[in-house]
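Here the structure comes first, spelled out in structure tokens, and everything after it is commentary.
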Amino acid sequence: MQQRSASAAKTLCRKILNHHNQIQPLRRPPPCDVFINHRCIDTKRTISGLLFNHLSGLGLHPFLDSKNMKPGDKLFDNIDRAIHESKVGVAVFSPRYCESYFCLHELALLMETKKRVIPIFCDVKPSQLHVKDNGLCPGKDLQRFTYALEEAKYTVGLTFDTIEGYVFYTSVLDL
């Protein structure tokens with residue numbers, strides 16, 4: 001047991017040192033072209049990851065939290081900066097999207113900064129998306145989130161079915 005703990009500690013130290021060696025002072029990454037807003041648990045390994053890789057292959061600079069952020073980064077600072085610097089937002093809606101404060105915060109900021117947002121409805125219909133009041137979120141944020149979500153739901157976007165693997169346009173008629 002003690003040997004396993006020592007091994008785990010050495011592995012952790014190696015990871016920290018490796019991260020430390022990758023630090024490049026005063027060098028900021030280029031501003032992102034496309035901010036990918038998604039619920040990590042639902043879409044990171046499917047559409048969001050594929051979209052990130054495809055956009056990168058086209059020479060664009062997409063922002064996907066799991067790809068662009070490193071241990072120790074300030075979550076809100078990095079995400080908010082990426083949204084402000086981006087030209088376009090892609091909101092990947094999924095069945096558990098509205099359970100995430102972060103997803104809704106990002107969507108609201110994209111809408112408030114008047115970014116063009118392309119919605120992708122992944123295994124969910126627009127009519128199934130609702131902001132829920134769990135009593136933990138301030139009323140002002142609930143209003144922001146509800147307004148942003150309603151605006152996104154009434155924007156022509158794409159529908160992606162992970163089982164069938166097809167994409168098609170969706171509009172308010174599909175609600």
Side-chain angles (χ1 to χ4, degrees), residues 29-70 73 75-134 136-137 141-175:
C32 78
D33 299 308
V34 181
F35 184 89
I36 303 171
N37 164 245
H38 69 111
R39 173 74 175 181
C40 191
I41 199 165
D42 290 340
T43 66
K44 177 177 75 172
R45 295 177 198 261
T46 58
I47 190 166
S48 297
L50 293 170
L51 183 60
F52 177 88
N53 291 336
H54 184 73
L55 293 170
S56 296
L58 293 173
L60 296 171
H61 300 283
F63 183 93
L64 185 66
D65 54 2
S66 61
K67 301 273 189 180
N68 294 79
M69 295 183 62
K70 309 274 185 284
D73 284 350
L75 190 62
F76 280 108
D77 293 347
N78 283 291
I79 287 174
D80 290 1
R81 182 182 326 108
I83 289 171
H84 283 285
E85 292 175 349
S86 69
K87 297 173 182 82
V88 176
V90 174
V92 182
F93 296 107
S94 57
R96 294 171 46 189
Y97 179 94
C98 291
E99 295 173 14
S100 169
Y101 178 90
F102 294 106
C103 289
L104 295 168
H105 168 76
E106 293 168 8
L107 179 64
L109 192 54
L110 283 164
M111 295 302 191
E112 291 162 358
T113 55
K114 306 288 188 212
K115 302 295 179 185
R116 180 180 186 143
V117 175
I118 301 165
I120 299 175
F121 300 96
C122 181
D123 297 329
V124 68
K125 292 180 180 181
S127 60
Q128 296 172 304
L129 298 169
H130 303 284
V131 176
K132 297 175 183 91
D133 184 1
N134 60 7
L136 301 174
C137 189
D141 283 344
L142 285 174
Q143 269 185 314
R144 291 177 58 230
F145 299 164
T146 300
Y147 175 77
L149 186 61
E150 289 304 310
E151 192 173 341
K153 286 168 47 174
Y154 285 92
T155 302
V156 175
L158 302 169
T159 298
F160 181 75
D161 183 311
T162 55
I163 304 294
E164 300 295 324
Y166 61 81
V167 177
F168 56 91
Y169 287 103
T170 190
S171 69
V172 73
L173 300 175
D174 298 319
L175 293 174

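What you see below is based on every heavy atom in this structure, not just the backbone, and it leaves out hydrogens, waters and symmetry mates. For reference, positions follow the sequence shown, starting with 1.
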Drop me the distance from H130's NE2 to E150's CD, to the nearest 0.5 angstrom.
8.0 Å
Can you tell me how far apart CE (M69) and CG (L75) are? Round to the nearest 0.5 Å.
4.5 Å
Interatomic distance, OH@Y101 vs CG@L136, rounded to 0.5 Å, equals 11.5 Å
Considering only residues two or more places apart or on different chains, which pairs with a residue in residues 91-100 satisfy side-chain hydrogen bond (donor to acceptor under 3.5 Å, both in side chains)?
N37-Y97, D42-S94
If you look only at distance, which donor and acceptor atoms sit under 3.5 Å apart when one is on a side chain in residues 54-65 and the other is two or more places apart or in another chain?
from	atom 1	to	atom 2	distance (Å)
S56	OG	F52	O	2.9
D65	OD1	H38	NE2	3.1

Rounded to the nearest 0.5 Å, what's the gap from CD on E151 to CG on L107? Could you check?
8.5 Å
Check this for me: K132, atom NZ, are more than 12 non-hydrogen atoms of other residues, nucleotides or ligands nearer than 6.0 Å?
yes
Quick check on Q143: does its CD atom have over 12 non-hydrogen neighbours (other residues, nucleotides or ligands) under 6.0 Å away?
no
With sequence neighbours excluded, tell me which residues meet ring pair (Phe, Tyr, Trp, His ring centres under 6.0 Å) with H105.
F76
Expected output: side-chain D123 to main-chain T162 donor-acceptor under 3.5 Å
yes
Beyond-backbone contact of C32 with N68, side-chain heavy atoms, under 4.5 angstrom
no
Under a 4.5 Å cut-off applied to non-hydrogen side-chain atoms, are L109 and E112 in contact?
yes
Quick one: does I79's side chain get under 4.5 Å of F102's, heavy atoms only?
no
When every non-hydrogen atom of V124 is compared with those of P95, the smallest separation belongs to CB-N, 4.1 Å
Nearest non-hydrogen partners of F145 and A108, listed with the distance:
CD2-CB, 4.0 Å
Tell me which one of R116, H84, K115 satisfies side-chain contact (heavy atoms from CB on, under 4.5 Å) with L110.
K115
Nearest heavy atoms of N134 and C137, plus distance in Å:
OD1-N, 3.7 Å
Minimal non-hydrogen separation, Q128 against K125, with atom names
OE1-N, 2.6 Å
With rounding to the nearest 0.5 Å, note down the distance linking CZ in F121 to NZ in K153.
8.5 Å
How about R144 and L104: do any of their side-chain heavy atoms sit closer than 4.5 Å?
no
Minimum heavy-atom separation for C122 to I47, with atom names?
SG-CG2, 4.1 Å
Separation between OG1 of T146 and CG of L129, rounded to the nearest 0.5 Å:
12.0 Å
